[in-house]
Amino acid sequence: MKIFLHTLKTLPFLTVLFIILGGCSLRIGNYPLLPALFLIPIYYWLIFRPDWLPLWSLFGIGIFYDALMGSELGFSSLLLVLSGLIGYYIRPILSSQHFFLIWGIFCCYSLCYLMIYGLLFSGGWALLFSWAYGIVLYPLVAWSLSHLHLRLQSYV
Amino acid sequence: MSFFIRHKKSAALKPKANPYPSRSPRWRYRLGFTLIAIGLLGGILRLHKPFYDGIEQRLFEGTAWIQAGFIHPFQETRALLKNTHVFMHLREEYERLSQENEKLKWQLQTLGALHHENGILRQHLHIPIVEQCGHLTAKILSSPYDGLHHFFLIASGDKDGIEKEQPVIVKEGVVGRLEKVGAHVSRVLLLNDSNSRIPVITSTSQQKAILAGDGTFLPTLVYVGDVRKIQQGEQVLTSGMGGIFPAGLPVGIVDEITNNKIRVRPYVPFKSIEWVHILRLHPEGFREELNAALRAE
């Protein structure tokens, strides 16, 4: 059972990688789902299980994303580690009873992330649409993650 | 699934925000240290270009390999469905291919005469005849063509004998060039990426220019000889300068001219292509031919 628990701790890392790999070729209309889509699991885990998504994990995810997308290595890592820092201060004011508050803060967080990301890449409308898709898809992805997380956790 | 889950509590399962007290100085110290370490290490590595390039190449190969492995089952399923559809319409497909084959045979005969004529003209102009370039057909693994990312991952690499900077085309025209080449997977930089620059020439007004991608779906023409001579709807071809793309490959059509800014609509339907051709040009021979042609001019 201990092995299963340790395996469970890699769940955030694996879900983020899964969403990056799956979302890489996905688009709605002419606009991308990434990078806003992969911010959803990161935000979720940073809020609900930050101990399962440590800094090295965020750093690794950032490097993986940059290497896959061909962008400057380390840029996403830096943004994600900063997200970890912000999550650390935001977490105390959140409560699981107020889903709309969590969703609203995700909107602000993803907007800030994409604005900084947009400084490096000339995304324009594509980034704005990605942000909108991220907001719309947040409840669905967060709901799936919460079921996966809590059911597996309850099993352990 | 229910037999697998063992609920400890009968209450509804809800994630609990902030279950851990986290305002500890140790955590802050660790984060600060990590940020400084990332900054220092990243800065040093970035300045040392050969080392950075090596790391970037290895990471690209690793991530591309994972991506290829992840996408493979989906692609196989898609291929299976497509094959089923083809099998159901086998007769129509056979007739279509027979007709196409006849057309191609006829074109080949015409091209034979042109090839002969070209050889004679080259002899008269003293242009050396270089080895004809071959091509390799490769399958596209992933194509995040979405206004933000402009590249394709293709299932060919070093093992197939392709090299960096080789041109990538489809039957409609130029797609881009090889940006990174791994062992089995490579990345194609599309012509509308902001890092892409292709020397081109307009078909009617004969104006040389550079086709510069700017991250939008319509790349622009820059360094144009005379902007006023260019007409809307004019064809844009590769000029053969620069030593990467051979001359005469179709690129696109002049779509709009506003405030001396010329936008080109590429011929290639980036969203729907599944295969690409990589031209195996020999850069040395190509440059030699180009220089000889320029001297002859």
Side-chain angles (χ1 to χ4, degrees), chain A residues 17-18 21-27 30-35 44 47-51 55-56 59 63-70 72-74 77-78 81-82 84-85 88-89 91-97 102 121-127 129-130 145-147 149-155, chain B residues 1 4-9 13-23 27-28 30-32 34-35 38-39 41-42 45-46 52 55-56 58-64 66-67 69-71 74 141-149 151 153 179-180 187 189 193-195 214-217 271:
Chain A
L17 281 194
F18 180 82
L21 289 169
C24 181
S25 299
L26 291 180
R27 56 179 175 259
N30 278 334
Y31 299 103
L33 290 172
L34 288 178
Y44 177 88
I47 295 298
F48 294 110
R49 283 313 292 245
D51 57 328
L55 287 177
W56 62 264
F59 184 78
I63 290 283
F64 183 85
Y65 184 80
D66 287 339
L68 190 67
M69 294 298 172
E72 200 74 12
L73 280 183
S77 298
L78 189 69
V81 173
L82 283 173
L85 173 73
Y88 163 75
Y89 286 103
R91 214 176 304 131
I93 62 166
L94 296 177
S95 156
S96 60
Q97 304 302 318
I102 296 177
F121 305 96
S122 49
W125 286 104
L127 276 177
F129 273 89
S130 171
L145 287 174
S146 89
H147 269 257
H149 160 207
L150 292 168
R151 284 179 180 242
L152 288 176
Q153 193 172 271
S154 68
Y155 176 72
Chain B
M1 191 67 189
F4 180 71
I5 297 159
R6 196 153 49 98
H7 290 285
K8 280 181 180 172
K9 290 175 186 173
L13 291 168
K14 274 190 178 175
K16 200 175 168 189
N18 192 26
Y20 308 97
S22 55
R23 284 180 186 272
W27 193 90
R28 254 179 281 181
R30 206 164 56 186
L31 182 77
T34 312
L35 280 173
I38 289 170
L41 197 70
L45 292 183
R46 189 69 189 89
Y52 177 82
I55 288 178
E56 199 183 19
R58 280 192 200 113
L59 278 170
F60 162 69
E61 284 188 34
T63 50
I66 294 169
Q67 168 79 349
F70 182 83
I71 282 178
F74 298 100
L141 286 175
S142 86
S143 51
Y145 183 75
D146 49 24
L148 187 60
H149 311 105
F151 67 88
L153 286 183
E179 188 195 16
K180 275 193 192 301
R187 181 158 50 209
L189 186 78
D193 188 275
S194 48
N195 291 322
D214 56 359
T216 63
F217 294 108
K271 286 182 204 163

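Quick note on labels: first sequence line is chain A, next is B, and so on, each numbered from 1. Computed over heavy atoms, backbone and side chain alike; hydrogens, waters and symmetry mates excluded. Everything quoted here is computed from the prediction, not taken from an experiment.
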Quick check for you: to the nearest 0.5 Å, what is the distance between B:L59 atom CG and A:D66 atom CG?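 It is 9.5 Å, given to the nearest 0.5 Å.
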Find the distance between CZ (B:F151) and CG (A:L68) and round it off to the nearest 0.5 Å.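 The distance works out to 5.5 Å.
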Of the backbone (N, CA, C, O) and the side chain (C-beta and beyond), which part of A:I63 lies under 4.5 Å from a heavy atom of chain B, both, or neither?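 Just the side chain, heavy atoms under 4.5 Å.
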Measuring heavy-atom distances to chain B, does A:F59 have an atom under 4.5 Å in its side chain, in its backbone, in both, or in neither?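 The answer is the side chain of A:F59.
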Mind ranking B:R187, B:K180, B:E56 by heavy-atom pairs under 4.5 Å with chain A and telling me who comes out on top?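 Winner by heavy-atom pair count: B:R187.
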